[in-house]
Amino acid sequence: MTQTLITAALPYVNSFLHLGHLAGAYLPADMYARFLRLSGRNVLFVCGSDEHGVAITISAEKEHTTPDKIIDKYHFANKLAFEKFGMSFDIFSRTSLPEHYDTAQEFFLDWLDKGLLVEKEENQFYDETAEMFLPDRYVEGTCPNCGNERARGDQCDNCSANYNQTDLINPKSVVSGKTPVVRSTKHWYFKMGDFQQRLEEYIESNASKWKDNVLQQSRSWLKQGLADRAATRDMTWGIPVPVEGAKGKVIYVWFEAVLGYISATKEWAKLRHTPDAWKSWWQNSDTEYIAFLGKDNIVFHTLIFPMLLMAKDKYILPTNVPANEFMNFEGKKFSKSMNWGIFLHDFQRDFPSPGQTDSLRYTIAMNLPETKDSDFTWQDFQARNNNELAAIFGNFVNRVVQFLQKNFDGKVPVLPERFAKVNDAWKLLLEDFSREETREQALEKYEDKHLRYFSPNDVALIAALHFGAKKVAEHYTRFRFRDAVTETMNIARAANKYFNDTAPWKSVKADPDECAKTLYLCSQTISALSLLFAPILPNTCATISGMIGAQSVTGEPNAPQIDRWSTVALPTLTEGTPIAAPEVLFTKIEDSTITEQVAKMGGTTAVAEVKTPAEPSDIIAIDDFKKIKLRTAIVISAERVPKSEKLLKLQVNLGTETRQILAGIAKFYTPEEMVGKTVVVVANLAPAKLMGMESQGMLLAANTPEGTLALVTPESVVGAGSEVR
RNA sequence: CGCGGGGUGGAGCAAUUGGUAGCUCGUCGGGCUCAUAACCCGAAGGUUCUAGGUUCAAGUCCUAGCCCCGCAACCA
């Protein structure tokens with residue numbers, strides 16, 4: 001029997017988790033893990049915090065604290081948020097543990113032994129104030145190629161030129177703002193090129209199974225060729241290079257963080273007092289390994305990590321890497337710095353109930369960015385909760401339970417004499433069904449045969465449960481989570497249809513026996529739904545289990561390995577089982593709640609943009625203002641500047657002359673609508689070069705609270721070249 | 001020519017190796033009254049971004065173009 005190892009990308013402990021993280025990796029991983037466990041499969045679900053890298057030392061400095069404090073803060077916050085969200089990790093570990101240091105160093109030494117690491121001496125910028133070598137990201141300067149003044153360490157964003165860090169003209173440290181000095185330093189480079197061919201074979205051998213985005217990204221890297229890459233860094237924060245004389249050098253996170261999956265598994269094994277148990281996962285060809293992550297992480301799991309595992313030998317490689325795209329928030333990317341989006345802990349503060357957590361899981365699941373970037377909106381959250389969870393699933397449970405309270409003493413009906421053999425008939429029906437591929441075939445072939453105890457409606461319901469569960473399982477197996485959820489909800493729809501079509505509120509008077517059987521089936525359906533929804537809505541399903549007095553089965557870790565999924569359509573509740581008083585599973589979300597949340601978003605951003613009142617020192621004399629020559633101008637022509645997202649190239653008539661002005665308004669104004677507009681320009685501004693073109697002045701625009709721009713234009717027609725005072 | 005993804009009814013998305021364009025929401029009409037003004041049934045609504053091409057057959061493959069988004073910069 002094969003087993004499944006599941007990992008979800010290690011969250012970087014430099015920020016709080018937001019909904020985008022959940023959509024990218026964690027929710028699908030959790031749904032998958034729970035589904036497999038409910039199918040009786042042996043599963044190990046592993047995750048943990050990624051706690052190294054320069055960003056953490058810099059954050060520590062900014063917050064005047066130590067890296068230890070930073071990582072603790074985020075690690076525990078994220079761990080707690082994950083728990084509340086219902087992540088069913090077997091272990092949530094962290095890469096700052098000794099276990100991980102040992103693992104990483106062991107791998108490093110092994111590569112060294114095998115000659116996979118080569119030492120290279122090179123010159124690098126060193127910030128004397130911050131006492132650190134500067135990674136490429138932390139140096140800015142003038143591009144040696146195009147003269148762009150804001151080029152990054154090794155690449156220019158403007159002309160895309162690649163060069164050596166030390167070729168930068170007028171370099172500045174991003175950390176201290178000072179000019180860094182050049183120092184020589186020694187590093188170990190991983191010979192990635194050695195694995196080019198094996199990785200190509202690995203990728204192509206999986207081509208038929210893997211998602212397209214994953215393949216394309218991986219192939220794109222391979223096509224460019226794998227170059228040697230530094231596997232070490234000059235830093236204090238990280239895992240020391242375990243070699244004599246390597247003081248002040250740590251293993252680069254690229255070559256260390258992903259090993260955290262293995263270390264986490266070791267920690268799990270240790271906690272269970274079976275320290276070698278991790279090997280039966282990582283060094284066992286019966287293990288199927290599925291790595292969940294977002295698109296930014298693809299090559300680390302399809303190329304780098306497999307390469308490290310190949311190098312070490314004996315380890316299994318990822319069987320599949322079902323990477324998602326990104327989930328945006330209300331149309332724009334989640335951003336910590338722009339305060340845009342919903343952070344998990346904020347959501348949990350505002351929507352603390354388990355049912356609301358499930359609503360969030362459901363909404364995200366229905367919007368998973370499986371094939372392209374998707375969007376989370378508050379409105380959608382409300383609609384999903386109210387129209388689907390509450391109206392369809394919640395309402396079905398509620399109407400059945402209420403009906404039982406009123407007519408059956410709050411118990412699963414006892415089957416009347418006439419239908420005493422329903423359970424046996426049910427079994428036979430499912431045996432017949434399981435021989436058929438599709439619901440349609442099954443109904444056509446077997447419906448008539450079972451009409452002695454069942455009505456056509458009954459048969460249709462059982463068929464919906466059986467074939468629905470089968471379909472959902474297929475979707476999970478193929479990593480089609482959105483489809484899985486949609487199909488699950490369709491089973492609840494079928495349940496509602498059954499209730500409607502059998503109309504027990506009529507049969508309760510006309511044919512009480514029939515009514516009892518109907519509600520017996522409905523009760524079993526609630527039990528079945530509580531299993532089918534468990535991967536998506538674990539909290540709610542646990543609640544239902546409580547209501548029907550059943551043991552909660554939601555695919556939690558360490559549960560007994562029983563395949564309940566394939567028998568979900570069979571009755572599980574015995575006659576006469578008491579059903580607890582109705583509990584509303586999903587409360588509706590009011591418009592006002594959503595309005596409130598919408599009002600909050602981007603709040604900090606808007607406030608930040610409001611101008612602070614002028615300080616006395618900011619006050620200028622009239623003469624100062626007179627230095628600025630403002631004139632009206634009419635836009636003659638406008639065009640986009642290629643490769644620039646903000647700039648429009650305008651030709652404006654200033655009355656006496658025509659000038660070219662590059663204006664950063666392309667995000668808010670099209671070239672077409674600019675032509676003919678009368679604008680206000682600063683006429684005596686020194687010309688500047690932008691994107692290699694000259695701009696002779698600037699035009700005035702006001703920042704709006706929404707973060708867009710509004711052009712300043714005269715209220716009435718004034719013509720070109722008028723003075724503005 | 002930096003890399004990657006994408007343009008499909010009003011909205012959001014699907015559509016295996018080319019083979020009847022589907023789903024959810026919304027809209028309109030009907031049914032029901034057990035239930036959270038919920039549920040169920042039915043209908044309308046598409047030149048699949050544009051222009052060519054390959055094919056018995058194209059949303060899907062090829063060529064050219066237009067337009068979005070992401071990455072490249074802490075962040076799935």
Side-chain angles (χ1 to χ4, degrees), chain A residues 8-12 14-29 53-56 58-59 136-137 140 150 152-153 155-157 159-162 174 208 212-213 216-217 220-221 223-224 292-298 323-328 331-337 341 366-375 377 379-380 383-384 386-392 394-407 478 480 482-483 485-487 489-490 493 495-506 508 515 519 522 582 584-588 643:
Chain A
L10 307 178
Y12 196 51
N14 201 30
S15 71
F16 294 112
L17 293 164
H18 56 60
L19 304 194
H21 295 114
L22 302 175
Y26 305 106
L27 180 60
V54 218
I56 288 166
I58 293 187
S59 288
D136 291 330
R137 281 205 315 261
E140 248 181 34
R150 298 211 43 194
R152 300 263 163 185
Q155 195 188 23
C156 173
D157 294 343
C159 68
S160 324
N162 286 293
V174 174
S208 60
D212 219 42
N213 56 343
Q216 298 297 13
Q217 191 97 353
S220 161
W221 265 53
K223 212 167 106 189
Q224 286 167 44
F292 286 86
L293 48 271
K295 67 175 167 189
D296 58 327
N297 234 327
I298 289 174
N324 274 344
E325 305 286 312
F326 283 146
M327 175 185 253
N328 296 320
K332 281 189 285 181
K333 212 187 149 181
F334 276 85
S335 164
K336 181 188 172 190
S337 47
M366 285 298 250
N367 289 296
L368 287 177
E370 289 177 338
T371 53
K372 58 182 155 190
D373 286 3
S374 68
D375 215 23
T377 66
Q379 272 197 354
D380 187 57
R384 299 275 182 203
N386 293 0
N387 306 339
E388 296 176 34
L389 289 174
I392 297 169
N395 185 48
F396 174 72
V397 174
N398 190 54
R399 68 202 293 207
V400 170
V401 173
Q402 296 256 30
F403 200 92
L404 290 176
Q405 294 295 327
K406 282 184 192 161
N407 301 292
R478 292 163 62 187
R480 311 283 302 241
R482 265 201 323 223
D483 288 344
V485 180
T486 305
E487 207 55 55
M489 191 52 88
N490 281 340
R493 288 193 170 94
N496 271 312
K497 179 171 166 54
Y498 175 74
F499 202 99
N500 265 50
D501 292 350
T502 50
W505 57 91
K506 284 182 185 161
V508 71
C515 181
L519 266 293
C522 285
V584 168
L585 297 173
F586 300 98
T587 43
K588 295 228 166 168
K643 281 191 172 182

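Chain naming here is simple, since letters A, B, ... match the order of the sequence lines and numbering starts at 1 in each.
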message = Return a single string for nucleotides 27-32 of chain B, one symbol per nucleotide in 5' to 3' order, where B is base contact, S is sugar-phosphate-only contact and - is none, cutoff 4.0 angstrom on heavy atoms.
response = ----BS
ask   = Can you check whether A/T486 reaches A/M366 side chain to side chain, under 4.5 Å on heavy atoms?
value = yes
request  = Name the nucleic acid region contacted by A/G24, choosing base, sugar-phosphate or nothing; use a 4.0 angstrom heavy-atom cut-off, strictly under.
outcome  = base
request  = Measure from the side-chain heavy atoms of A/N387 and tell me the nearest of B/G70, B/A35, B/C25.
outcome  = B/C25
inquiry  = Measure NZ/A/K497 against C1'/B/C41 and give the value in whole Å, please.
reply    = 7 Å
Taking only N/O atoms, report every protein-nucleotides 11-13 of chain B pair under 3.5 Å with atom names and distance.
from	atom 1	to	atom 2	distance (Å)
B/C13	O3'	A/R482	NH2	3.0
B/C13	O2'	A/R482	NH2	3.2

inquiry  = I want to verify a distance call: between B/A35, B/G5, B/C39, whose nearest atom is closest to the A/E325 side chain?
reply    = B/G5
Listing time: all N or O pairs from protein to nucleotides 43-46 of chain B that are below 3.5 Å?
none

inquiry  = Pick the closest RNA chain B nucleotide for A/I392 and for A/M366 by heavy atoms, then say which residue is nearer the 5' end.
reply    = A/M366
ask   = Between atom CG in A/L368 and atom P in B/A76, what is the gap in whole Å?
value = 17 Å
request  = Take the protein atom CD1 of A/I298 and the nucleotide atom C1' of B/C3, then report the distance between them rounded to whole Å.
outcome  = 12 Å
inquiry  = Quick check for you: among B/A35, B/A76, B/C25, whose closest atom lies nearest to any side-chain atom of A/Y12?
reply    = B/A76
task = Quickly work out the A/R399 CZ to B/A38 P distance and round it to whole Å.
result = 13 Å
Minimum-distance nucleotide (side-chain atoms of A/A391 versus B/C39, B/A35, B/A76) = B/C39
task = Counting heavy atoms from C-beta on, name the nucleotide in B/C34, B/C39, B/A76 closest to the side chain of A/F326.
result = B/A76
query = Is any side-chain N or O of A/R493 closer than 4.0 Å to OP1 or OP2 of B/C41?
reply = no
key: Candidates B/U24, B/U36, B/C40 - which lies nearest the side chain of A/F586   = B/U36
ask   = Looking just at side-chain N and O atoms, do A/N367 and A/R482 make a donor-acceptor pair shorter than 3.5 Å?
value = no
